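The block underneath contains the structure these notes are about, expressed in structure tokens.
Note that the structure is predicted; figures quoted are calculated from it, not measured. Letters A, B, ... are given to chains in the order of the sequence lines, protein chains preceding strands, and every chain is numbered from 1.
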Number of protein chains: 2
Amino acid sequence: MAKPANRSRDAYHVGNLAPQLLAAARTLLEEVGPTKLSLRAVSERVGVSATAAYHHFQNRNELISHLAAQGFAELAAALQRACSNGSGLDRVRAGSLAYLHFARSNPALYQLMFSPEFTDEALIPALQRERLAAFGELKRMVAETLGQALDSSDVRKASVAAWSYIHGLTSLVIHGLLPGAADNSDEHFVERTLEGFAALAISCTTQIK
Amino acid sequence: MAKPANRSRDAYHVGNLAPQLLAAARTLLEEVGPTKLSLRAVSERVGVSATAAYHHFQNRNELISHLAAQGFAELAAALQRACSNGSGLDRVRAGSLAYLHFARSNPALYQLMFSPEFTDEALIPALQRERLAAFGELKRMVAETLGQALDSSDVRKASVAAWSYIHGLTSLVIHGLLPGAADNSDEHFVERTLEGFAALAISCTTQIK
DNA sequence: ACCTGAACACCGTTCAAGT
DNA sequence: ACCTGAACACCGTTCAAGT
């Protein structure tokens with residue numbers, strides 16, 4: 001009996017409650033959606049009083065901030081795994097696919113990551129850090145594609161452009177604004193939009209002449 | 001005294017409560033943010049009981065759905081006004097600017113328009129309709145830019161690409177994920193991202209050869 | 001140090017009752 | 001037809017009290 005007080009239904013709970021709360025919240029999040037995740041329900045699922053969470057997090061916002069930070073960390077990892085050795089376009093394709101696939105596999109988490117609740121004031125350090133890490137991964141991919149330095153002007157501009165594109169596509173797909181969002185594959189959306197950009201680019205450059 | 005019961009503080013209220021509720025909700029929305037808009041606060045601001053709204057809307061979701069529909073209608077109108085006669089690139093610029101400017105002028109409304117609360121199941125007809133109208137306006141602009149028919153394959157693909165880009169950029173700016181989001185102008189963001197796309201496009205096409 | 005229970009101020013929503 | 005008031009089930013959060 002190395003661990004005596006293991007998962008008892010008694011009054012007092014053992015330690016390491018914070019990770020248990022986060023894990024329960026992560027599960028509940030995808031069950032009830034990003035707007036209906038309640039601290040009370042999370043506590044109840046863990047089997048702890050409604051107010052226990054306040055000894056590990058300042059408030060609900062801090063708990064879901066950690067969830068969002070976790071999401072950005074996983075997104076960064078997914079992007080890192082997606083680094084391909086192909087041509088410039090293949091790299092863009094691979095990164096976009098990894099991004100969209102992560103979000104469609106964790107739709108409520110992805111929506112939470114961009115929740116208006118984090119928009120103003122001070123973010124917790126973890127969220128700020130993982131956000132930057134994820135964007136850094138994206139910048140790295142863009143730098144490799146362009147064959148330029150990470151801090152070059154082109155890489156900075158192209159990174160924001162690339163993030164705008166893939167976040168926008170992902171957001172539209174997840175929110176169901178695109179017809180047949182449920183039926184179509186990640187590849188379908190990425191391929192078609194990349195073709196769309198090509199058509200726009202050609203039209204703009206030829207008209208300039 | 002053509003209108004006798006005008007804005008009295010008596011128990012019973014005059015008619016046309018629905019538009020009054022919507023107007024109050026629209027104001028409150030930008031004051032408290034998209035996640036904290038409560039039906040009770042809206043009712044109180046209008047000076048009516050907490051349950052009065054239920055005689056004009058099925059529930060909170062239906063009221064904010066009308067708000068979102070209003071947002072899409074105004075976005076469509078803004079895009080329509082932005083139609084420029086310049087080159088292809090100028091048209092893209094003008095449309096993007098109008099889009100971003102509308103969202104930054106109504107940040108809480110824009111976030112509400114893409115709220116996870118509308119993601120699943122059946123939308124109210126008004127929201128569905130105005131969403132399509134706004135996207136239709138965007139399609140029209142893209143069709144003019146490409147010089148192709150509205151229902152052509154290229155226009156459909158390029159429209160989703162363009163919407164992804166501008167919605168993504170807008171979302172990132174509004175949520176404050178881009179450094180210095182408060183300081184920079186709409187023009188700055190649009191110009192820089194368009195340059196970013198150009199850099200990516202050049203890199204991809206030259207590498208293909 | 002960690003957790004609970006009662007309490008408070010807020011929600012959305014239902015329903016019987018009032019005019 | 002339109003509105004109110006009481007009521008219910010849920011929230012987040014504070015705080016004194018328990019181990």
Whole-Å gap separating P (D:dC2) and CG (B:Asn16): 11 Å
B:Leu63 CG - C:dG12 P separation (whole Å): 10 Å
All stems with DNA chain D, defined as three or more consecutive Watson-Crick or G-U pairs under 3.5 Å: C:4-8 with D:12-16, C:12-16 with D:4-8
Distance-only donor-acceptor test (3.5 Å): side chain B:His55, base D:dC3: yes
Rounded interatomic separation in angstrom, taking CZ from A:Phe57 and C1' from D:dT13: 16 Å
Nearest-nucleotide pick for B:Leu17, side chain only, options being D:dC11, D:dC3, C:dT14: D:dC3
A:Ser38 side chain, from C-beta outward: closest of C:dT4, D:dC3, D:dG12: D:dG12
Earlier contact from the 5' end, DNA chain D, for A:Arg40 and B:Ala52: B:Ala52
Integer-rounded Å distance: D:dC10 P and B:Leu39 CG: 19 Å
Beyond-backbone contact of A:Tyr165 with A:Val190, side-chain heavy atoms, under 4.5 angstrom: yes
Whether over 12 other heavy atoms sit under 6.0 Å from A:His56 NE2: yes
Spacing of CD belonging to A:Gln70 relative to CD1 belonging to A:Ile64, to within rounding of 0.5 Å: 13.0 Å
Whole-Å gap separating C1' (C:dC10) and CD (B:Glu44): 12 Å
Candidate nucleotides D:dT13, C:dT4, C:dT13, ranked by approach to the side chain of A:Val48 - the nearest: C:dT4
Electrostatic pair B:Glu144-B:Arg140, nearest N-O below 4.0 angstrom: yes
Atom-to-atom span, CG of B:Leu37 to C1' of D:dC11 - whole angstrom: 17 Å
Spacing of B:Tyr54 atom OH relative to D:dA7 atom P, expressed in whole Å: 18 Å
B:Glu44 CD: over 12 foreign heavy atoms closer than 6.0 Å: no
Parallel, tilted or perpendicular, as decided by the 30° and 60° cut-offs, for the rings of A:Tyr110 and A:Tyr99: perpendicular
Under-4.0 Å side-chain N/O to phosphate OP1/OP2 contact, A:His56 with C:dC3: yes
Toward the 5' end of DNA chain D, by each residue's nearest nucleotide, B:Thr51 or A:Ala50: B:Thr51
Atom-pair distance (NZ on A:Lys36; C1' on D:dG12), nearest Å: 18 Å
CD (B:Glu31) with more than 12 external heavy atoms under 6.0 Å: yes
